[in-house]
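Inspection log for the structure reproduced underneath, given as structure tokens.
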Number of protein chains: 4
Amino acid sequence: MSSKLATGDVSVQTNQAAIANFREKYRRTRRFSERIAEPLSAEDCAMQTMPDVSPTRWHLAHTTWFFETFLLKDSPSYQSYDSSFEYLFNSYYNAVGEQFPRNRRGQLSRPGLAETMEYRRHVDQHVLALLEGDEVRPDMLRVVELGLNHEQQHQELMLTDIKHVLFCNPLYPVYQESHSSPGEADVRCTPLTWETMPEGISEIGHAGDGFAFDNESPRHKTFLQAHSIASRCVTNGEYLEFMRDGGYQRPDLWLSLGWNQVQLQTWQHPLYWISRDDVWMEFTLAGLRELRLDEPLCHVSYFEADAYARWSGNRLPTELEWEALAAGQAVDGVFADKLLENDLPVHPQTENKRDERVSGMFGNLWEWTASQYSPYPGFAAAGGALGEYNGKFMCNQFVLRGGSCATSSDHIRPTYRNFFPPESRWQFSGIRLAN
Amino acid sequence: MSSKLATGDVSVQTNQAAIANFREKYRRTRRFSERIAEPLSAEDCAMQTMPDVSPTRWHLAHTTWFFETFLLKDSPSYQSYDSSFEYLFNSYYNAVGEQFPRNRRGQLSRPGLAETMEYRRHVDQHVLALLEGDEVRPDMLRVVELGLNHEQQHQELMLTDIKHVLFCNPLYPVYQESHSSPGEADVRCTPLTWETMPEGISEIGHAGDGFAFDNESPRHKTFLQAHSIASRCVTNGEYLEFMRDGGYQRPDLWLSLGWNQVQLQTWQHPLYWISRDDVWMEFTLAGLRELRLDEPLCHVSYFEADAYARWSGNRLPTELEWEALAAGQAVDGVFADKLLENDLPVHPQTENKRDERVSGMFGNLWEWTASQYSPYPGFAAAGGALGEYNGKFMCNQFVLRGGSCATSSDHIRPTYRNFFPPESRWQFSGIRLAN
Amino acid sequence: MSSKLATGDVSVQTNQAAIANFREKYRRTRRFSERIAEPLSAEDCAMQTMPDVSPTRWHLAHTTWFFETFLLKDSPSYQSYDSSFEYLFNSYYNAVGEQFPRNRRGQLSRPGLAETMEYRRHVDQHVLALLEGDEVRPDMLRVVELGLNHEQQHQELMLTDIKHVLFCNPLYPVYQESHSSPGEADVRCTPLTWETMPEGISEIGHAGDGFAFDNESPRHKTFLQAHSIASRCVTNGEYLEFMRDGGYQRPDLWLSLGWNQVQLQTWQHPLYWISRDDVWMEFTLAGLRELRLDEPLCHVSYFEADAYARWSGNRLPTELEWEALAAGQAVDGVFADKLLENDLPVHPQTENKRDERVSGMFGNLWEWTASQYSPYPGFAAAGGALGEYNGKFMCNQFVLRGGSCATSSDHIRPTYRNFFPPESRWQFSGIRLAN
Amino acid sequence: MSSKLATGDVSVQTNQAAIANFREKYRRTRRFSERIAEPLSAEDCAMQTMPDVSPTRWHLAHTTWFFETFLLKDSPSYQSYDSSFEYLFNSYYNAVGEQFPRNRRGQLSRPGLAETMEYRRHVDQHVLALLEGDEVRPDMLRVVELGLNHEQQHQELMLTDIKHVLFCNPLYPVYQESHSSPGEADVRCTPLTWETMPEGISEIGHAGDGFAFDNESPRHKTFLQAHSIASRCVTNGEYLEFMRDGGYQRPDLWLSLGWNQVQLQTWQHPLYWISRDDVWMEFTLAGLRELRLDEPLCHVSYFEADAYARWSGNRLPTELEWEALAAGQAVDGVFADKLLENDLPVHPQTENKRDERVSGMFGNLWEWTASQYSPYPGFAAAGGALGEYNGKFMCNQFVLRGGSCATSSDHIRPTYRNFFPPESRWQFSGIRLAN
């Protein structure tokens with residue numbers, strides 16, 4: 001027995017083995033959120049250092065609220081853990097009701113971290129009990145699958161948000177003790193080459209089995225112009241040349257709105273770079289350390305990516321160009337789950353594999369594309385509250401592709417569309433050039 | 001002898017007849033700006049009622065500054081009218097130098113209207129003298145052509161800005177005395193039908209002779225999905241149904257940023273609509289009058305256009321779809337120059353021609369498309385300061401097509417791309433549906 | 001026959017000679033407002049360069065509205081000039097009704113300057129006709145007297161507002177052609193000496209005949225400590241020493257809110273000072289000219305006055321101390337009406353009269369006192385809308401005393417209390433020290 | 001041996017008994033800060049719900065920083081706990097150096113609560129060791145005394161800040177379990193009577209031994225007008241009458257800036273009042289409970305106090321009038337230390353003692369006076385950084401007198417001058433009328 005998920009062309013199996021699989025994935029994914037929070041104090045988990053950032057504890061509660069609201073609430077036997085949580089932990093689902101103001105999430109001390117973990121256990125027990133029962137329907141599994149993908153997105157946000165929280169503290173606290181090998185800083189990146197692509201009709205978007213978000217569908221034909229695309233991402237050293245050439249002082253290199261930001265925010269370098277006694281330092285989740293020139297540049301906005309591309313005589317790829325190239329590649333790279341499993345820093349690594357024609361497409365860092373985030377032809381949002389997931393943000397955002405070192409390895413795919421406003425810098429976002 | 005203009009594929013003839021033509025077009029276009037300002041007092045011409053609006057007098061000076069800066073300034077014999085005008089009337093050309101802050105344009109009482117007209121005459125004399133001489137080079141004509149197209153854009157802004165200025169005054173002053181015929185309010189619009197278009201490769205963008213802006217090039221292949229597009233624009237009466245169905249109260253109909261605007265600006269109806277004793281009135285350049293249900297809706301933002309389309313079960317066309325349909329049509333419609341020539345109100349007219357399969361594509365009102373404003377593949381901005389014309393605004397704006405009743409009839413073409421932020425409402429902007 | 005005015009202890013005579021006097025004063029005062037506007041263009045009269053500034057045309061209309069609203073409106077035979085003016089030109093009288101937003105006064109082009117003058121003539125005719133009639137009651141004369149004093153206050157604001165308007169224009173337009181005598185810049189000010197005052201009970205406040213505002217009453221006993229007070233105001237040259245000693249860089253010299261302003265507004269010198277090629281220039285109503293070191297410093301905020309006093313080891317006088325000293329002096333000095341009559345610049349003059357023990361108490365410039373603006377013991381605001389004149393502003397303002405070069409000579413008296421927020425700088429305000 | 005403290009006329013004894021006394025007071029006062037934080041979680045202690053509020057943990061650290069900076073730092077043998085704390089926990093002392101931005105105190109997760117307590121212990125040990133040694137100088141004791149009074153001020157802020165933090169959480173958490181006796185809600189307040197005071201010279205301000213802040217000096221003569229003053233504070237029930245009479249809808253009752261606040265903040269009732277199903281509830285530190293009509297009104301701004309007084313036909317007393325009345329009374333009332341010692345709610349109590357002519361002058365709630373906060377004649381701020389304590393805030397604040405239920409009983413005296421901006425409502429502030 002199988003059925004189609006509204007948010008993509010997904011077959012959901014409801015036989016016992018498949019359901020057992022879901023339970024296992026549920027346990028693993030839910031556990032990973034708590035693993036991310038482990039090094040943090042109750043106070044670390046409470047901070048909101050800018051409106052874009054949510055407290056870690058809020059992420060832990062909101063992802064739980066998702067399962068409670070969309071899976072458990074309709075069950076007549078389920079007792080809500082606390083009815084006020086519906087309001088407190090609703091992010092933006094108008095169909096569910098009013099929301100506690102986003103920019104005040106850091107002003108809530110209760111429920112505290114311990115009670116939040118209690119809330120997670122309460123919901124986990126009920127979800128797993130439901131998945132043990134005889135009454136598992138395909139629509140339930142679809143919600144579980146969406147909920148787990150949703151939680152993985154928040155796991156990435158937890159990592160990027162906590163990086164911002166720790167950075168805003170003049171003490172520059174360390175999230176992970178660094179375990180880098182002695183020679184790590186000396187790794188050299190591969191030279192940049194160009195992959196050329198001919199003009200022609202190309203299909204992009206999601207089709208077939210496997211989970212995908214609604215914004216990746218439908219798969220459709222597009223016409224690609226002939227172009228070429230860089231074999232690897234821009235490095236810190238390359239970006240320093242742009243800075244030394246007056247990159248942040250020359251309005252001709254910037255979009256008009258980008259130049260406004262440069263002046264308003266007094267941007268002079270990427271987020272998390274700090275100049276100390278004429279040496280460039282970089283704040284990482286493993287603490288403050290000297291900037292490594294061969295590592296890929298990250299934490300730049302679309303505006304900076306676009307300005308750098310213009311300065312270098314190139315441009316950013318469109319998301320169609322990016323996907324056409326990615327479609328043929330294995331989803332392999334530097335991912336959060338692998339890094340944390342091995343006690344390695346959640347940070348992009350130098351691209352140095354000489355045997356790859358194109359490297360770093362998946363993991364390591366999100367790549368800004370030149371594409372403003374728009375619906376695919378024929379796009380239809382999912383029904384009800386779950387339809388508020390993607391479509392309503394299709395305005396004033398740019399698409400990023402490929403996942404980052406803060407993404408889970410089983411969360412990403414070639415058709416995956418991430419999106420952020422062009423001024424956002426706190427994600428692990430970098431630059432791949434095109435021409 | 002001919003030459004290519006960087007800002008499009010334009011042949012510019014420099015023979016005597018062609019130059020005489022330029023002189024004639026220069027005189028006519030420059031005169032039309034002054035015609036627009038004629039009904040206004042010195043004070044009317046000084047007002048800035050929001051940052052987007054510029055004073056009429058500023059438009060008169062800035063369009064003059066354009067010719068002075070890009071055409072006359074390099075001539076060794078030219079004496080600048082007033083060297084401080086370079087700073088005062090530079091809109092956003094960083095390559096030319098610093099700019100007087102945009103949001104303070106309404107705080108300048110000098111140069112006054114009389115002196116501004118003097119400045120116009122000074123520059124006009126020098127431009128025309130230059131075009132009389134023996135030394136007319138193709139690059140000069142290209143700047144003249146660009147300058148005249150630039151001035152036509154500001155003529156449209158003068159009309160839309162002055163409408164906003166008069167509307168903000170509780171006295172609701174009249175720009176034009178109305179000369180509508182008695183039955184005009186009773187004209188019925190044609191029924192809405194759908195034009196279907198098959199899937200396939202389609203070329204869009206400018207090529208060939210004739211002026212075009214750099215953002216219309218290069219002409220290139222795209223792949224269009226099968227779709228259909230409405231035969232006419234949405235009317236006031238149709239939009240009222242949306243309002244009565246709670247259109248401004250239902251977040252599910254809106255983009256997230258759009259819903260923010262609805263709440264922040266307390267939008268409850270299109271700009272310029274006023275409810276008096278339960279009767280809907282509309283402010284027009286001919287004064288306040290009762291809303292006509294069969295006239296096409298205008299002065300809505302992209303957000304409202306998008307929400308209406310979603311409510312109606314449709315969507316907005318992409319700019320590719322719009323251009324594919326427009327390509328085959330004559331550029332004919334309701335335009336500012338014709339209206340003012342005949343003392344008719346600058347206001348959209350009811351679409352009632354029964355013999356047209358598709359009506360209103362050109363003139364009457366700008367049509368919001370679903371396309372965010374992006375460079376065409378291979379787009380290259382013009383060099384120098386003139387390259388700051390279009391490319392640097394390709395971010396967080398949506399494309400509008402077709403011109404409006406405030407556009408000049410010889411300014412528009414099927415490939416023309418206008419663009420505004422999604423919250424803008426003070427242009428004559430309306431809705432054509434697609435599906 | 002006489003009667004008491006609610007806004008002070010004023011005898012108002014209603015005999016024919018007294019009424020004729022009122023008519024004469026009405027004509028003269030109303031005429032002077034128009035005299036001030038004479039050098040200005042329609043556009044000059046329309047500008048609002050900050051929320052505190054009102055357009056000259058607005059002042060012309062609002063002072064007229066005052067007579068229409070409080071004197072004419074109740075007369076059954078009076079026809080309102082335009083009923084919408086009640087809303088447009090109400091400044092802050094909640095009892096009269098809603099007000100057009102203050103910070104948008106510069107966005108009204110209509111009624112224009114010509115119509116505003118027409119409005120003035122209309123109201124003037126009716127007021128004078130009323131004052132010709134047999135039915136002149138004391139309460140009418142009280143309103144006329146208040147209205148004329150009100151208009152004189154707006155005359156001062158017209159001068160200070162237009163100075164700000166012209167200053168904000170990079171062309172630095174001139175309001176008055178300068179007619180200074182050749183040696184004027186070389187006049188030396190008298191040396192600063194100190195007037196000592198013993199401790200004791202002192203009466204301050206208005207009593208007796210003659211007009212006064214309600215905030216000057218009642219006259220009451222206070223206890224003054226022994227103190228001394230400077231014989232003249234601080235000069236530009238003395239203030240430059242403060243600046244050279246790091247006055248704008250040392251937080252220890254400033255009130256906490258003052259230091260906030262210094263940083264927020266990047267204050268480095270008094271308003272209207274401009275440094276050009278290392279020479280200090282000053283913008284005056286007669287244009288931009290070199291700073292004169294012996295002229296009294298003006299256009300400083302309370303914060304700057306307070307910081308300068310602290311730096312100099314002194315303090316500002318309280319308003320009680322100021323009035324105790326002023327009580328014995330003739331109201332004589334540099335005033336707007338005299339200056340304009342003689343075509344002299346409206347600007348403070350160097351204090352150089354060697355025969356005066358204390359100079360400059362009246363006219364020349366307003367003197368900041370250390371007193372926050374509070375009601376006198378037993379203060380009662382006038383009834384009705386006219387009671388909104390003074391009392392409701394008794395919060396977060398400081399008292400200034402003595403009048404300035406922009407005040408009319410018959411408007412000021414020893415008990416007069418002016419008041420502005422401590423950050424205001426656009427009035428002719430300066431510093432007299434105490435100790 | 002004795003010596004004068006710069007911040008008042010205080011004799012500081014440095015004999016052994018006196019020093020032992022200081023040690024005892026030091027231990028007791030420091031302990032009380034921790035007692036206040038006891039019921040709170042680490043997250044509760046981290047919250048900042050508005051810029052005026054500081055996190056409890058910040059208060060715990062800042063009061064410790066005070067002793068470290070002003071007492072220990074100069075000692076050559078002292079090792080700073082963490083040199084970055086100097087920046088993190090400096091509130092506003094420019095003479096000490098830069099300050100971490102006040103409005104971002106709630107964005108610091110480190111040092112956490114446990115480490116902050118460690119910091120306190122570190123500093124306490126060193127302070128007590130210093131006070132054990134042979135080298136105790138009078139100036140040290142003066143700093144200790146000032147530091148303890150400073151800490152008591154922060155203890156009151158801890159209570160008022162945490163009340164705001166808990167109130168902003170829709171869960172309305174409880175700080176103290178309520179231990180009210182059954183009949184407590186039924187206590188009736190005494191009737192309001194008036195105490196009359198004759199005109200005459202009156203001395204106010206601090207003189208003599210005993211600690212006082214610099215702003216209470218010097219003691220000086222003033223002249224008081226005859227007046228009367230209310231025997232008790234305004235009750236909730238009396239304030240409800242004002243509300244029912246349209247108090248929050250009538251601009252004529254308000255200062256101009258107050259009316260702005262009413263509209264901007266949409267004030268309709270005192271802070272912490274909540275209307276549920278037409279019943280007025282009040283949030284207290286003991287949780288949400290029904291409003292008690294006979295309890296004294298608290299958590300109103302100066303603007304509300306002033307509007308209520310005007311509505312009732314009265315006014316607020318000046319601080320001189322208040323002190324003249326208070327001078328003769330015992331400092332006795334409802335105070336924080338006594339309440340917490342007895343597990344009673346930190347909340348004002350109904351004034352019901354029939355044997356008192358005037359009640360509630362000390363403790364229970366701060367009373368707004370009509371006096372703007374200004375220096376006394378001859379006021380001199382203390383030297384160095386400690387001089388930044390009071391004087392630099394003498395602008396745009398109003399004086400409150402008498403202490404509240406959140407004040408410590410040994411912290412208050414008749415000459416004590418508290419001060420807050422007129423819009424502040426989160427202190428326990430109420431209304432005593434005068435006439």
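Remember, it's a predicted structure, so these values are computed and weren't measured experimentally. Just so we're on the same page: letters track the sequence lines, and every chain starts at 1.
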In terms of heavy-atom pairs under 4.5 Å, which option from C/P377, C/G391, C/S374, C/C395 contacts chain D the most?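 With the most close heavy-atom pairs to chain D, the winner is C/C395.
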Are any non-hydrogen side-chain atoms of D/T222 and C/T222 less than 4.5 angstrom apart?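 Heavy-atom side-chain distance check fails, nothing below 4.5 Å.
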For the residue pair C/L224 and D/F223, establish whether any side-chain heavy-atom pair is separated by less than 4.5 Å.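 No. Closest side-chain heavy atoms not under 4.5 Å.
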Within the distance-only criterion (no hydrogens, no angle test), does the side chain of C/Q225 pair as donor or acceptor with the backbone N or O of D/K221 below 3.5 angstrom?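 Pair found, side chain donor or acceptor close to backbone of D/K221.
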Would a distance-only check, ignoring hydrogens and angles, find a side-chain to backbone donor-acceptor pair under 3.5 Å from D/Q372 to C/Y373?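 Looks like yes, one N/O pair under 3.5 Å.
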Below 4.5 Å, heavy-atom pairs only: which of D/M394, D/R315, D/E388 has the largest tally toward chain C?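 Top count of heavy-atom pairs under 4.5 Å with chain C: D/M394.
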Which region of C/Y302, side chain (C-beta onward) or backbone (N, CA, C, O), has a non-hydrogen atom less than 4.5 Å from a non-hydrogen atom of chain D, or is it both or neither?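 Contact with chain D: none, neither part.
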Measure the CH2-NZ distance between C/W259 and D/K392 for me, rounded to the nearest 0.5 Å.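 Here the rounded value is 10.5 Å.
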Are there residues of residues 86-104 of chain D that reach to under 4.5 Å of chain C by heavy atoms, and which ones?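 Heavy-atom contacts from residues 86-104 of chain D to chain C are D/N94.
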